[in-house]
Protein chains: 2
Amino acid sequence: MSSAEGQSLREPKYYTVKRHLLEVTDSLLPGSPVPTERVLAAELGTSRTTVRQALFELVAEGRLVRRQGSGTYVAEPKMTWPLQMASFTEQATANGLTASNQLLSAVRGQAEPDVAGRLGIGAGAAAFRIERLRLADDRPIAVEVSYLSAARFPQLARHLRRGSSLYAVLHEHYGVVPASAQESISTAPATPREAALLDTDTGAPMLVLGRHSFDGTGAPVEWVTSWYRGDRVTLIANLRP
Amino acid sequence: MSSAEGQSLREPKYYTVKRHLLEVTDSLLPGSPVPTERVLAAELGTSRTTVRQALFELVAEGRLVRRQGSGTYVAEPKMTWPLQMASFTEQATANGLTASNQLLSAVRGQAEPDVAGRLGIGAGAAAFRIERLRLADDRPIAVEVSYLSAARFPQLARHLRRGSSLYAVLHEHYGVVPASAQESISTAPATPREAALLDTDTGAPMLVLGRHSFDGTGAPVEWVTSWYRGDRVTLIANLRP
DNA sequence: GGATCGTAGTGGTCTAGTCCATTCCGTCGA
DNA sequence: TCGACGGAATGGACTAGACCACTACGATCC
């Protein structure tokens with residue numbers, strides 16, 4: 001960007017700090033340390049609060065990582081993650097990653113009204129709530145919460161504990177194969193629980209993927225919400241318009 | 001909050017403030033004012049900075065909107081927006097919205113290396129950079145930056161100024177119809193320019209959609225980056241796994 | 001009646017601190 | 001040699017205030 005620049009829009013000071021950091025940063029390798037907050041504040045003649053505001057955005061973009069007690073470092077590049085997750089493990093291995101799932105909980109309970117509506121069951125009817133952690137190379141990528149009708153998939157929780165994947169269980173034990181899905185993508189700040197599971201900060205921007213899938217007859221099969229770290233993941237999809 | 005509370009995960013104080021605001025908020029109608037920052041700080045026995053941190057997350061989630069000089073208000077619900085945008089106008093009208101485009105700029109210049117790579121042209125070869133603002137009911141929804149090969153689409157900028165849509169121009173004047181696309185979705189904070197165009201704040205979380213589309217022969221047609229307000233938009237897609 | 005001007009109150013930005021939790025790493029002791 | 005301890009440095013959370021830009025709205029003036 002050689003041409004006109006930086007005068008028309010009056011920008012806040014923290015944004016100047018951010019651009020300065022961007023310049024310093026992109027000649028460094030991932031993992032390299034960045035000057036400390038107190039040093040930056042002194043060097044740039046500003047307060048630590050202002051420096052932190054700039055750092056906060058760079059962390060949200062996935063360019064820096066902060067480690068309390070240690071320092072701030074240049075982050076690894078984002079990884080890409082496919083939208084269609086019918087074959088989560090396949091897709092991951094295709095990218096040279098070792099994918100794994102960790103079952104956090106699988107409980108049977110009364111469905112909240114919105115969940116019941118999506119599953120096509122009565123409000124208060126029984127539904128499974130399955131919470132899983134998705135990992136790639138043992139690093140947590142996403143928290144996934146799935147809801148399925150308990151009446152339609154009896155004993156689901158027991159089958160899951162054997163370690164097989166949810167879709168495999170649906171196919172083998174119930175003969176159900178998802179045929180279509182509607183997905184929705186939005187952003188939200190991480191709650192303390194998600195932040196803890198995904199090893200990030202409360203309030204960090206997340207990519208929230210909702211997946212509403214149906215079988216061949218058009219009946220709803222499951223309703224899933226996946227929370228991805230926005231600073232480490234880019235979702236990708238192949239479309240045929 | 002009658003039940004167990006505030007002990008297992010030690011949460012920062014601003015998160016307590018946030019949850020308090022969530023309760024107060026969801027019994028209010030969109031557009032209702034929320035107490036001012038100074039009042040909240042006094043009521044909750046905390047500092048304005050801490051209240052602002054809580055408000056900031058609620059704004060990022062799309063639950064509140066802030067208007068400088070006026071106050072903070074309960075936000076309208078998010079709108080949904082389709083991923084496949086081949087027929088942007090159709091999709092919008094289907095949702096009962098009046099869609100429109102505003103051409104911000106259409107310039108011919110040398111392609112940066114990454115853009116050139118995506119367009120399948122030599123680095124430094126000529127490319128059009130087309131910047132548009134997408135609106136629904138005259139409210140800005142997204143900023144879109146498209147790159148197309150200048151050699152392949154001569155006089156493109158002139159055709160566009162006539163007001164027709166990009167895809168219509170490609171079809172009518174060049175006989176090109178996009179046949180497939182790869183999309184990528186990630187998050188990023190708004191730059192001052194995007195914030196100004198979309199009437200939001202610098203640093204607000206955005207949904208960034210990259211679209212790399214190809215014609216029937218597999219040759220790249222365009223490379224588009226769309227910036228959506230994360231607090232007002234949910235992207236949706238229909239998939240057939 | 002209608003336009004203009006002030007002013008009070010709002011959110012936006014920034015400062016200069018404090019104290020805390022965590023990490024790192026050198027020193028000391030067994 | 002190896003472990004435990006402790007201090008120093010880091011980022012995390014928070015405070016109490018300052019000044020600015022902007023908005024709303026009433027009072028004033030034509």
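All values reported here derive from a predicted model rather than from experimental measurement. Letters A, B, ... mirror the listed sequences (proteins, then strands); counts begin at 1.
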Residues that A:Arg229 engages under salt bridge (charged side-chain N to carboxylate O under 4.0 Å, His left out), provided they are two or more places apart
A:Asp231
Return the CZ to OG1 distance between A:Arg232 and B:Thr187, rounded to the nearest 0.5 Å.
13.0 Å
Which atoms of nucleotides 13-15 of chain D (N or O only) lie under 3.5 Å from a protein N or O atom, and what are those distances?
from	atom 1	to	atom 2	distance (Å)
D:dC14	OP1	B:Lys13	N	2.4
D:dT15	OP1	B:Lys13	NZ	2.9
D:dT15	OP1	B:Thr46	OG1	3.4
D:dT15	OP2	B:Thr46	OG1	2.7
D:dT15	OP2	B:Ser47	N	3.0
D:dT15	OP2	B:Ser47	OG	2.8
D:dT15	OP2	B:Thr50	OG1	2.6

Which whole-number value in Å describes the distance from B:Leu55 CG to C:dG11 C1'?
10 Å
Tell me: CZ of A:Arg67 to C1' of C:dC25, nearest whole Å?
15 Å
Contacts of A:Glu61 meeting salt bridge (charged side-chain N to carboxylate O under 4.0 Å, His left out) (sequence neighbours excluded), chain-then-number -> A:Lys18, A:Arg63
Residues that B:Ser32 engages under side-chain contact (heavy atoms from CB on, under 4.5 Å), provided they are two or more places apart:
B:Leu28, B:Leu29, B:Val74
Could you work out, with salt bridge (charged side-chain N to carboxylate O under 4.0 Å, His left out) as the rule, every residue matching B:Arg132, not counting sequence neighbours?
B:Glu144
Short N-O contact, B:Arg193 and B:Glu131, less than 4.0 angstrom:
yes
Separation of C:dT13 atom C1' from A:Leu44 atom CG, nearest Å, is 17 Å
Of all pairs that satisfy salt bridge (charged side-chain N to carboxylate O under 4.0 Å, His left out), the ones with a partner from residues 65-75 of chain A, not counting sequence neighbours
A:Glu37-A:Arg66
If the condition is side-chain hydrogen bond (donor to acceptor under 3.5 Å, both in side chains), which residues does B:Glu222 pass it with, not counting sequence neighbours?
B:Tyr167
List the residues meeting side-chain hydrogen bond (donor to acceptor under 3.5 Å, both in side chains) with A:Tyr15, not counting sequence neighbours, and say none if there are none.
none
Quick one: which protein N/O atoms are closer than 3.5 Å to N/O atoms of nucleotides 3-9 of chain C? Pair and distance per line, please.
from	atom 1	to	atom 2	distance (Å)
C:dG9	N2	B:Gly69	O	3.2

Hits for side-chain contact (heavy atoms from CB on, under 4.5 Å) against B:Ala195, two or more places apart or cross-chain, chain-then-number order -> B:Ala190, B:Thr200, B:Thr202
Of all of residues 58-66 of chain B, which get a heavy atom below 4.0 angstrom from DNA chain D, listed by number?
none
A:Thr16: what forms a side-chain hydrogen bond (donor to acceptor under 3.5 Å, both in side chains) with it, not counting sequence neighbours?
A:Glu11
Between C1' on C:dT15 and CD on A:Glu37, what's the gap in Å once rounded to a whole number?
15 Å
Residue whose closest nucleotide on DNA chain C lies nearer the 5' end, A:Arg38 versus B:Val34
B:Val34
